[in-house]
Structure formats: structure tokens, C-alpha cells
Engineer: 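Below are the C-alpha cells for one structure; questions will follow.
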Number of protein chains: 2
Amino acid sequence: MPQPSARRGRPPRISRAEIIEAARRIVEEDEGVDRLTMRRLAGEVGSTPMALYHHVRDKEELLVLLMDAVAEEAQRRPELPADPRERVIVLATAIRASLVERPWAVELPAADDLMSVSALWYSERIVGALVECGLTTERAVHAYRAIWYYTVGELTVRTASARRRERDDRPTYRDRVFTELDPGELPTLASLAGRWTELTARDTYQDGLRALVDGLTRG
Amino acid sequence: MPQPSARRGRPPRISRAEIIEAARRIVEEDEGVDRLTMRRLAGEVGSTPMALYHHVRDKEELLVLLMDAVAEEAQRRPELPADPRERVIVLATAIRASLVERPWAVELPAADDLMSVSALWYSERIVGALVECGLTTERAVHAYRAIWYYTVGELTVRTASARRRERDDRPTYRDRVFTELDPGELPTLASLAGRWTELTARDTYQDGLRALVDGLTRG
DNA sequence: ACCTGAACACCGTTCAAGT
DNA sequence: ACCTGAACACCGTTCAAGT
């Protein structure tokens with residue numbers, strides 16, 4: 001029997017795994033996907049940009065692979081309470097916590113759904129818990145998605161503000177807008193002007209989540 | 001009296017308004033902010049890239065200005081029902097509808113908040129309606145934000161899927177994942193495998209929104 | 001089979017000079 | 001004051017060639 005064809009030709013100098021590992025390092029240390037360029041990545045693995053294209057189809061595929069790798073490793077699976085409603089809260093909060101630590105991942109094509117296989121562990125349990133709450137499977141899926149929307153939105157807004165804050169110290173556009181509010185037109189907001197920033201800085205993810213889950217399961 | 005200093009020097013060939021107008025055209029016709037480059041924009045106004053920098057500080061400022069311009073014009077202010085809870089639904093749905101029509105705007109730095117002054121018309125009325133529902137102003141602001149998170153999330157996921165769909169016809173990564181689910185590990189999801197795409201394609205924005213608002217106001 | 005170098009077709013932005 | 005041209009320091013990706 002001949003050796004499989006994989007054994008022929010020039011031996012590889014870099015591997016797919018090595019590339020993804022280096023990509024993770026760049027993105028984690030520099031906190032941002034925009035910092036991950038093919039050229040920089042090639043440098044990191046001690047090769048040329050074009051060598052990478054022999055291991056991944058294009059940058060997009062690289063990002064998907066990266067997302068998967070990170071999801072697999074980021075599993076700090078929480079203790080699950082018996083009460084299904086509380087379980088939903090715990091699960092969603094855990095997903096969100098692990099994404100708060102990886103703000104760069106929020107921008108990834110991930111946004112469609114928790115797509116990587118390992119992350120489906122969470123989806124499974126959330127949908128399951130919602131069914132235990134009395135929803136039909138169909139409604140449970142929709143409820144799961146609502147929770148996912150809420151979570152993605154909170155993360156998007158959170159990371160967008162964080163990025164803006166770290167970039168410039170000058171008052172944000174929003175702050176400027178709020179100081180010039182016309183109390184005749186916008187009485188409620190004008191009365192809050194001074195406190196808006198403080199109010200919106202507070203972390204209310206769980207409060208909103210609880211309200212949402214209540215609404216979804218009591219409806 | 002001498003003329004104000006604005007009257008001196010070479011007369012301008014292009015104006016800020018003209019630039020923003022052209023930017024809006026590009027972004028609206030080509031459906032995407034990434035298509036808006038300084039060079040392309042310069043071409044559109046019949047000038048050079050560098051001339052733009054005389055009217056806007058950098059590309060970021062341009063995007064903020066663009067967002068404002070669009071928000072101002074996109075006001076199809078809805079009829080408001082008397083019932084405050086229903087009013088919140090109508091307002092949020094209207095915001096979302098106008099963003100669904102402008103998918104490119106979802107990526108904008110807008111994400112922090114509805115920041116442009118004209119868009120605050122909505123914020124004012126949502127917070128107001130929530131106060132009418134019996135919330136303190138403070139809780140009303142947090143509730144408003146929860147609604148905003150949910151809306152941003154839905155839009156983010158929606159536009160991300162749309163972009164992916166139009167790019168490649170091959171089955172999405174998610175579809176592939178779902179066909180290979182291990183029913184031992186993920187029984188609920190595996191039982192849904194065939195229907196997942198259909199279930200998640202359905203527009204359930206309003207259902208989720210109603211649940212959220214219920215939870216926020218009944219809590 | 002795997003890697004390289006040179007090149008293509010782009011970016012945003014700076015700088016010095018023109019009118 | 002407003003605009004231009006050339007240039008800098010980048011991108012992702014293709015292509016033809018090397019080992």
C-alpha cells in the first residue's frame with residue numbers, strides 16, 4: 001500500500017492551528033479584530049502573507065475559525081439552578097460575561113447566532129429551560145432569540161461606548177447634545193440631563209434580562 | 001464696517017452640506033458604509049480626497065454628520081396611542097422600522113444611543129410613556145435602554161444574516177453545524193434541526209418587544 | 001504541496017505647494 | 001481660505017515562479 005497522498009510534496013512549515021493560535025494572541029493582546037491583518041499575522045508566525053492563503057481560504061474564514069477556537073476554550077460552564085427561569089438567567093448571564101471579557105468577539109460574524117458547536121451547549125439549555133417553563137418548542141426558540149437579541153444589543157452598545165471613551169477624552173457627542181436640550185421640546189430628557197451619563201453607565205443587564213424572561217414566560 | 005472675515009480668501013468650491021449629501025447617496029445606493037471611501041466621495045463631488053479634509057476633520061466626523069443628516073430626514077413620526085404601554089410598542093417599532101430600511105446605519109457609531117437630536121424625539125416619548133406606566137424616571141431610563149438593547153441586537157443580527165446571505169449561496173456555517181448535531185448532547189436542538197432556519201427566519205421583533213415591555217412595566 | 005516576491009488595486013491621512 | 005499632487009504607510013488578494 002502506498003502512503004496517503006498527504007505524505008508527498010514539500011513539508012509544511014506552518015499549520016492552520018498555529019495560525020489561529022497566533023491570530024488569537026494578536027486579537028487578545030491588542031483588543032481588536034481590526035488589528036488583525038494578514039501581514040501582521042504572517043509576521044507573527046514567521047512567514048509571509050501569502051503562505052497563510054495556503055491554510056485558510058481568506059480572511060473571513062480565518063475569523064470564523066478564530067471565533068470557534070475561542071468559543072471552545074471560553075467555556076466556564078456555570079452551576080445550573082433547578083428553577084428553569086432562574087436557569088435561563090444564569091445561562092444568559094454567563095454567555096454575556098464571557099463576551100464582556102472578549103469585546104473584540106462581539107464584532108465578529110458571530111452575530112447571527114451562537115454558532116460554534118461548543119457554544120450551542122448554552123442554546124440547548126436555554127431552550128430546554130424555556131420549554132420547562134411551559135413554552136412550546138417553537139415559542140421557546142423565539143424566546144431564546146429575544147434573549148440573544150437583548151444580549152447582543154447590550155454588548156454592542158457597551159463595546160461601542162468603551163471604544164469611544166478610550167479614543168478621545170473630549171466630551172462625547174451625546175454629552176454635548178444633552179447639555180443643549182430644549183426643555184420645551186424634550187421635557188423628560190431635559191430634566192435628566194445632568195444624570196443621564198451616570199444613569200446609563202450603570203450595569204443593568206440583569207434587570208432587563210429578568211424583565212424580559214418574566215415577560216416571555218408569563219405571557 | 002468691514003465684511004466678516006468669512007468673506008476673504010479663495011471662494012469654496014464644495015460645501016460641507018454637499019459632501020454629506022453625496023455621502024448619503026453613496027451609502028444609500030450601495031447599501032454599505034464600507035463602500036464610502038474618501039476617494040470615492042471626492043470623485044462624487046468632483047473634487048480631490050484632500051479637499052474633503054478642509055470641510056470635515058476626518059472620516060469619523062463625516063460618519064457622525066451623515067448619521068445626523070439621515071436621522072433628521074428619516075422622521076416618519078407615528079400616530080401615538082393613548083395607552084402608554086401600547087405607545088412604547090409603537091415608538092420602538094417605528095425606530096426599528098426606519099433602521100431596517102437603512103441597514104448600513106446600524107453599523108454606525110450610533111450604537112451608543114440614539115444620539116442625534118432629532119432622534120431624541122423618540123427617546124423622550126418612550127421614557128415619558130414608561131413614567132406614565134408608573135416607573136420612576138430612573139427606572140424608566142433603564143427600561144428605555146433595555147428596549148434599545150433589544151432593538152439594536154435584533155437589527156445587528158438581522159443585518160449580519162442578510163449580509164451573509166447575499167454574499168454566498170452555499171449553506172451557512174450554521175446550517176452545516178445544525179445538520180451534524182449530536183442528539184445525545186443536544187437533544188432539544190437536534191429535534192429542531194430541520195426547522196431551525198425556518199423558525200429563526202420569522203420576524204418576531206414585536207413579540208419579543210411586547211414581552212420585554214410587559215416585564216419592564218409589570219415588574 | 002507548500003512557500004515566496006513582486007505586483008495590483010486599493011485605503012486614510014500628511015505635507016508642501018499653489019491660487 | 002481653499003484646493004491640489006505627490007507621497008507615506010498601510011490594506012487583502014492574485015499570479016507566476018521557485019523548491
Side-chain angles (χ1 to χ4, degrees), chain A residues 2-23 26-27 30-67 104 107-109 163-164 167-168, chain B residues 2-23 26-27 30-67 104 107-109 163-164 167-168:
Chain A
Q3 286 292 59
S5 59
R7 213 73 197 88
R8 298 224 253 98
R10 190 173 170 169
R13 267 219 266 279
I14 51 174
S15 69
R16 207 174 175 155
E18 195 182 345
I19 290 172
I20 293 166
E21 163 62 18
I26 292 171
V27 118
D30 291 6
E31 287 291 310
V33 201
D34 18 329
R35 244 90 149 214
L36 178 66
T37 69
M38 298 305 260
R39 288 157 206 266
R40 174 129 156 52
L41 180 54
E44 195 85 359
V45 297
S47 185
T48 68
M50 280 324 299
L52 303 176
Y53 284 87
H54 223 270
H55 300 268
V56 299
R57 197 160 59 101
D58 53 17
K59 199 179 178 181
E60 164 135 15
E61 185 180 69
L62 176 70
L63 289 175
V64 171
L65 292 169
L66 175 60
M67 184 181 67
W104 56 269
E107 313 163 41
L108 284 192
R163 240 196 310 280
R164 226 184 333 265
R167 209 173 18 221
D168 37 26
Chain B
Q3 287 291 61
S5 59
R7 216 72 194 84
R8 298 227 254 96
R10 189 173 171 171
R13 266 218 266 279
I14 51 173
S15 70
R16 204 172 177 155
E18 194 181 346
I19 291 171
I20 294 167
E21 163 62 18
I26 292 171
V27 116
D30 291 8
E31 286 293 310
V33 200
D34 18 329
R35 245 91 149 214
L36 178 66
T37 69
M38 297 305 262
R39 288 159 207 266
R40 173 126 156 55
L41 180 54
E44 195 84 2
V45 297
S47 184
T48 68
M50 281 323 299
L52 303 177
Y53 285 88
H54 222 271
H55 300 269
V56 299
R57 199 158 60 101
D58 52 19
K59 198 180 178 179
E60 164 134 15
E61 186 180 70
L62 176 69
L63 289 175
V64 171
L65 292 169
L66 175 61
M67 183 181 68
W104 55 269
E107 314 163 39
L108 283 190
R163 240 195 309 280
R164 221 182 340 263
R167 207 169 21 216
D168 35 27

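Below, chains carry the letters A, B, ... as their sequence lines are ordered, and counting in each starts from 1.
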Engineer: For a side-chain contact (heavy atoms from CB on, under 4.5 Å) with A:Trp104, tell me which candidate from A:Leu66, A:Leu36, A:Ile26 qualifies.
Structural biologist: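 Checked A:Leu66, A:Leu36, A:Ile26 against A:Trp104; only one passes side-chain contact (heavy atoms from CB on, under 4.5 Å): A:Leu66.
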Engineer: Holding to salt bridge (Lys or Arg N to Asp or Glu O under 4.0 Å), I want the full list of residues that pass it with B:Glu44, two or more places apart in sequence or in another chain.
Structural biologist: B:Arg25, B:Arg40
Engineer: Can you give me the closest heavy-atom contact between A:Glu61 and A:Arg57, atom names plus distance?
Structural biologist: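 Answer, listing the atom of A:Glu61 first, then A:Arg57: OE1-N, 2.7 Å.
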Engineer: Does a nitrogen or oxygen in the side chain of A:Ser47 sit under 4.0 Å from OP1 or OP2 of C:dC3?
Structural biologist: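 Checking C:dC3 against A:Ser47, no side-chain N or O comes under 4.0 Å of OP1 or OP2.
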Engineer: Which atoms of nucleotides 17-19 of chain D (N or O only) lie under 3.5 Å from a protein N or O atom, and what are those distances?
Structural biologist:
{"residue": "D:dG18", "atom": "N2", "partner": "A:Arg10", "partner atom": "NH1", "Å": "2.4"}

Engineer: Would a 4.5 Å heavy-atom cut-off, applied to side chains only, mark A:Ile20 and A:Val56 as touching?
Structural biologist: no
Engineer: Run the side chain to side chain contact (heavy atoms under 4.5 Å, CB included) test against A:Pro49 and tell me which residues pass, sequence neighbours left out.
Structural biologist: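 Listed in chain order: A:Arg39, A:Ala42.
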Engineer: Would you mind reading off the distance between B:His55 atom NE2 and D:dC3 atom P, rounded to a whole angstrom?
Structural biologist: 4 Å
Engineer: Show me the pairs that pass salt bridge (Lys or Arg N to Asp or Glu O under 4.0 Å) and involve residues 45-56 of chain A, at least two apart or across chains.
Structural biologist: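 Salt bridge (Lys or Arg N to Asp or Glu O under 4.0 Å) check on residues 45-56 of chain A returns no pairs.
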Engineer: Do A:Leu65 and A:Ile19 come within less than 4.5 Å of each other through their side chains, counting heavy atoms only?
Structural biologist: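 A:Leu65 does not reach A:Ile19 side chain to side chain.
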Engineer: Rounded to the nearest 0.5 Å, how far does CE of B:Met38 lie from CG of B:Asp58?
Structural biologist: 7.5 Å
Engineer: Going by heavy atoms in the side chains, are A:Leu41 and A:Leu62 under 4.5 Å from each other?
Structural biologist: yes
Engineer: Establish, with yes or no, whether the OP1 or OP2 oxygen of D:dT4 is under 4.0 angstrom from a side-chain nitrogen or oxygen of B:Thr48.
Structural biologist: yes
Engineer: If pairs are Watson-Crick or G-U with both distances under 3.5 Å, what is the dot-bracket string of DNA chain C, marking crossing pairs with [ ] and pairs to another strand with |?
Structural biologist: ||.|||||...|||||.||
Engineer: If a protein heavy atom is under 4.0 Å from the base, mark B; if only from the sugar-phosphate, S; if neither, -; do that for nucleotides 8-16 of chain C going 5' to 3'.
Structural biologist: ---BBBBB-
Engineer: At what distance, to the nearest 0.5 angstrom, does CG of B:Leu52 lie from NZ of B:Lys59?
Structural biologist: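 Nearest 0.5 Å value for the CG-NZ distance: 11.0 Å.
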Engineer: Could you tell me how far D:dA9 sits from C:dA9 if I compare only their P atoms? Round to whole Å.
Structural biologist: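 Rounded to whole Å, the distance is 23 Å.
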